[in-house]
Amino acid sequence: MLKEWSHDLRSGVSALAAYGVSVALMAVASLAVIKAMIAADGPEAWGAIALGQAVGYVSCIIVGYGWALSGPAKIARADPAARRREYADSLRVRLVLLVPGCALSALIAASLDHDSATFAMAGAVSFTLTGLTGNWYFVGVSRPITMLLLETCPRVAGMLVGVVLMHQGRGAMAGLACMSGGMLLAFLIVTVWVYWSTSSTARVPLAKRSLATILAEQRSGVVSASMTGLYLAMPLAIIALVAPTVQPAFALADRVKNQLIAAMSPLITVLQAWVPRGLGEERIKRARLAFYASCLLTGAMCAVFVVIGPSLFHWLGNAEISVSLTVTILVGVLTALAVTDQVVSKAVLAPFFRLHVVAWATVWGTISGIPLIALGSVLFGAPGALTGAIAGMLVRIGIQVLDFRTKITSAAAV
């Protein structure tokens with residue numbers, strides 16, 4: 001067993017490094033885009049774009065329809081023919097949902113920010129397009145280098161072209177257009193590659209499933225993922241309504257939070273592939289280790305962020321946006337909890353087919369958290385909104401951990 005774990009550790013570190021390159025490139029490019037947008041059109045326009053992107057974050061999850069959560073495990077267990085069908089099924093669903101997702105997110109964003117509706121709508125549409133990502137497929141087949149070349153590089157190239165154009169005076173809308181173009185290019189390249197790499201199986205295709213069957217099969221994953229997105233986007237939406245004067249500062253903090261969550265995604269990706277490879281009691285041990293390791297790493301990340309956060313916000317805000325230390329600390333705590341929640345849902349419960357529990361935990365966490373977010377926003381502004389979000393996240397994590405301990409660990413002990 002020790003030899004097997006040593007091999008898994010080496011493989012995990014290698015995969016973590018490879019996925020980390022993609023995440024690092026995306027993070028650097030995203031931060032450069034934020035700074036360029038603030039410099040190009042000012043804090044108010046940036047606040048509207050960030051609000052639109054928060055709305056688009058929810059719609060992109062709906063467009064992706066839960067494959068980010070369930071897809072890696074399905075692809076990892078499937079043969080090439082089944083992988084081809086799985087991607088084809090996801091393609092059908094995503095293309096059906098894309099146009100209504102873009103339209104609805106644009107309308108909601110415009111209704112939340114009347115003064116800068118154009119910027120808000122553009123931000124919503126650009127982020128909705130990220131629902132077309134195929135990175136879950138590469139996670140399932142354990143191809144981080146291929147993901148870097150085929151998806152990450154086109155997206156980063158689009159961002160960097162946008163940064164150059166914004167520095168030349170083209171404005172934030174040009175930056176958003178380039179980001180969207182990079183995403184669409186990556187989507188086309190990935191789709192061509194998936195069909196090409198599985199072309200040998202096309203001679204014996206699996207039976208085509210109806211759209212209704214696919215939608216029903218994915219319902220637990222999309223409910224959990226979309227409500228998670230809604231929950232993380234809710235503080236910014238409420239702040240835009242009840243405290244618009246602090247919206248630019250809160251939007252900056254919110255975007256940095258999302259970048260931190262993305263920076264931890266290689267850890268989640270590796271654990272998603274590592275835990276299911278164990279059998280029986282071994283899988284439970286791996287799931288337990290994944291949870292404890294994530295708690296330690298996210299705690300350390302939170303501590304580091306509290307130290308460097310103020311300087312980071314000052315630089316990103318182009319010295320025009322100020323974020324308080326209290327908000328910095330709360331953003332760090334919420335980020336740590338959000339990453340832990342993803343580990344629990346994707347790496348601890350998903351391998352045991354407990355996605356329905358993830359969905360219910362998300363529902364109850366949202367029901368308990370949103371009123372607290374609203375109340376906290378009215379009474380205490382941004383710190384109150386973040387505190388309410390933290391409370392709801394603790395409810396979600398608690399329900400999922402309790403299920404693991406009572407339904408999985410205890411059942412294995414019997």
A.B. asks: Do the non-hydrogen side-chain atoms of Phe313 and Leu252 ever get within less than 4.5 Å of each other?
C.D. replies: yes

A.B. asks: Please check this pair: side chain of Arg155 against backbone of Gly182, looking for a donor-acceptor N/O pair closer than 3.5 Å.
C.D. replies: no

A.B. asks: Got a second to check how far Met393's CE is from Ser368's OG, nearest 0.5 Å?
C.D. replies: 10.5 Å

A.B. asks: Going by heavy atoms in the side chains, are Met264 and Leu297 under 4.5 Å from each other?
C.D. replies: yes

A.B. asks: Please examine the side chains of Val327 and Pro383, heavy atoms only from C-beta on, and report whether any two atoms are closer than 4.5 Å.
C.D. replies: yes

A.B. asks: List for me each residue that meets side chain to side chain contact (heavy atoms under 4.5 Å, CB included) alongside Ser22, sequence neighbours excluded, and say none if there are none.
C.D. replies: Met147, Leu148, Thr152

A.B. asks: Kindly say whether the aromatic ring centers of Trp193 and Phe138 come within a distance under 6.0 Å.
C.D. replies: yes

A.B. asks: For Ala124 and Ala109, work out which heavy atoms get closest and say how close.
C.D. replies: CB-CB, 3.9 Å

A.B. asks: Does Thr340 have any side-chain hydrogen bond (donor to acceptor under 3.5 Å, both in side chains) partners at least two apart in sequence or in another chain, and if so, which?
C.D. replies: Thr298

A.B. asks: Gln400 and Asp341: side-chain donor and acceptor closer than 3.5 Å?
C.D. replies: yes

A.B. asks: Going from CG on Leu375 to CD1 on Ile373, what distance comes out if it is rounded to the nearest 0.5 angstrom?
C.D. replies: 11.0 Å

A.B. asks: Measure from the side-chain N and O atoms of Arg94 to the backbone N and O of Thr133, and report whether any donor-acceptor pair falls under 3.5 Å.
C.D. replies: yes

A.B. asks: Pairs in or reaching into residues 163-184: which pass side-chain hydrogen bond (donor to acceptor under 3.5 Å, both in side chains), with residues at least two apart or in two chains?
C.D. replies: none

A.B. asks: Do any N or O atoms from the side chain of Glu151 and from the backbone of Gly134 form a donor-acceptor pair under 3.5 angstrom?
C.D. replies: yes

A.B. asks: For the SG atom of Cys60 and the CG atom of Leu97, what is their distance to the nearest 0.5 Å?
C.D. replies: 12.0 Å

A.B. asks: Contact between Tyr57 and Thr128 at the side-chain level, heavy atoms closer than 4.5 Å - yes or no?
C.D. replies: no

A.B. asks: For Ala36 versus Met166, what's the shortest heavy-atom pair and its separation?
C.D. replies: CB-CE, 3.7 Å

A.B. asks: Find the distance between CH2 (Trp136) and NZ (Lys74) and round it off to the nearest 0.5 Å.
C.D. replies: 8.5 Å

A.B. asks: Under the criterion side chain to side chain contact (heavy atoms under 4.5 Å, CB included), I'd like the reasoning laid out for Leu98 against Leu129: C-alpha separation, chi angles, the key distance, then a yes or no.
C.D. replies: CA-CA 7 Å; Leu98 181 62; Leu129 290 174; 3.9 Å; yes

A.B. asks: May I ask you to test the Leu91-Phe187 pair for a side-chain heavy-atom distance under 4.5 Å?
C.D. replies: yes

A.B. asks: Taking all heavy atoms of Val275 and all of Ala347, pick out the closest pair and write down the distance.
C.D. replies: CG1-O, 3.3 Å

A.B. asks: Looking at Leu372 and Ala391, what are the two nearest heavy atoms and their distance?
C.D. replies: CD1-CB, 3.7 Å

A.B. asks: Nearest heavy-atom pair of Leu334 and Leu386: which atoms, and what distance?
C.D. replies: CD2-CD2, 3.9 Å

A.B. asks: Does the side chain of Glu86 reach to within under 4.5 Å of the side chain of Trp67, using non-hydrogen atoms?
C.D. replies: yes

A.B. asks: I'd like to know whether Trp315 forms a side chain to side chain contact (heavy atoms under 4.5 Å, CB included) with Ser311, so could you lay out the CA-CA distance, the side-chain angles of the two residues, the decisive distance to 0.1 Å, and finally the verdict.
C.D. replies: CA-CA 6 Å; Trp315 176 75; Ser311 298; over 6 Å; no

A.B. asks: May I have the step-by-step check of side chain to side chain contact (heavy atoms under 4.5 Å, CB included) for Phe119 and Trp46, ending in yes or no?
C.D. replies: CA-CA 8 Å; Phe119 286 110; Trp46 155 247; over 6 Å; no

A.B. asks: Can you find a pair of side-chain heavy atoms, one from Tyr137 and one from Arg143, that are under 4.5 Å apart?
C.D. replies: no

A.B. asks: Let me know which of Asp79, Thr198, Asp89 forms a side-chain hydrogen bond (donor to acceptor under 3.5 Å, both in side chains) with Arg84.
C.D. replies: Thr198

A.B. asks: Let me confirm one number: the CE-OG distance from Met183 to Ser126, rounded to the nearest 0.5 Å.
C.D. replies: 11.5 Å

A.B. asks: Check whether Phe404 forms a cation-pi arrangement with Arg283 (NZ or CZ under 6.0 Å from the six-membered ring centre, at most 45° off the ring normal).
C.D. replies: no

A.B. asks: How long is the span from the CE atom in Met37 to the CE atom in Met179, to the nearest 0.5 Å?
C.D. replies: 5.5 Å

A.B. asks: Is a side-chain N or O of Thr191 found less than 3.5 angstrom from the main chain of Leu188, in a donor-acceptor match?
C.D. replies: no

A.B. asks: Please examine the side chains of Thr328 and Pro310, heavy atoms only from C-beta on, and report whether any two atoms are closer than 4.5 Å.
C.D. replies: yes

A.B. asks: Give the C-alpha distance, both sets of side-chain angles, the deciding distance and a yes or no for side chain to side chain contact (heavy atoms under 4.5 Å, CB included) between Lys285 and Leu289.
C.D. replies: CA-CA 6 Å; Lys285 290 180 180 179; Leu289 180 60; over 6 Å; no

A.B. asks: Locate the shortest heavy-atom distance separating Asp113 from Ser116; write the atom from each residue and the value.
C.D. replies: OD1-N, 3.1 Å

A.B. asks: Donor-acceptor check, side chain of Asp41 to backbone of Ala172, threshold 3.5 angstrom: yes or no?
C.D. replies: yes

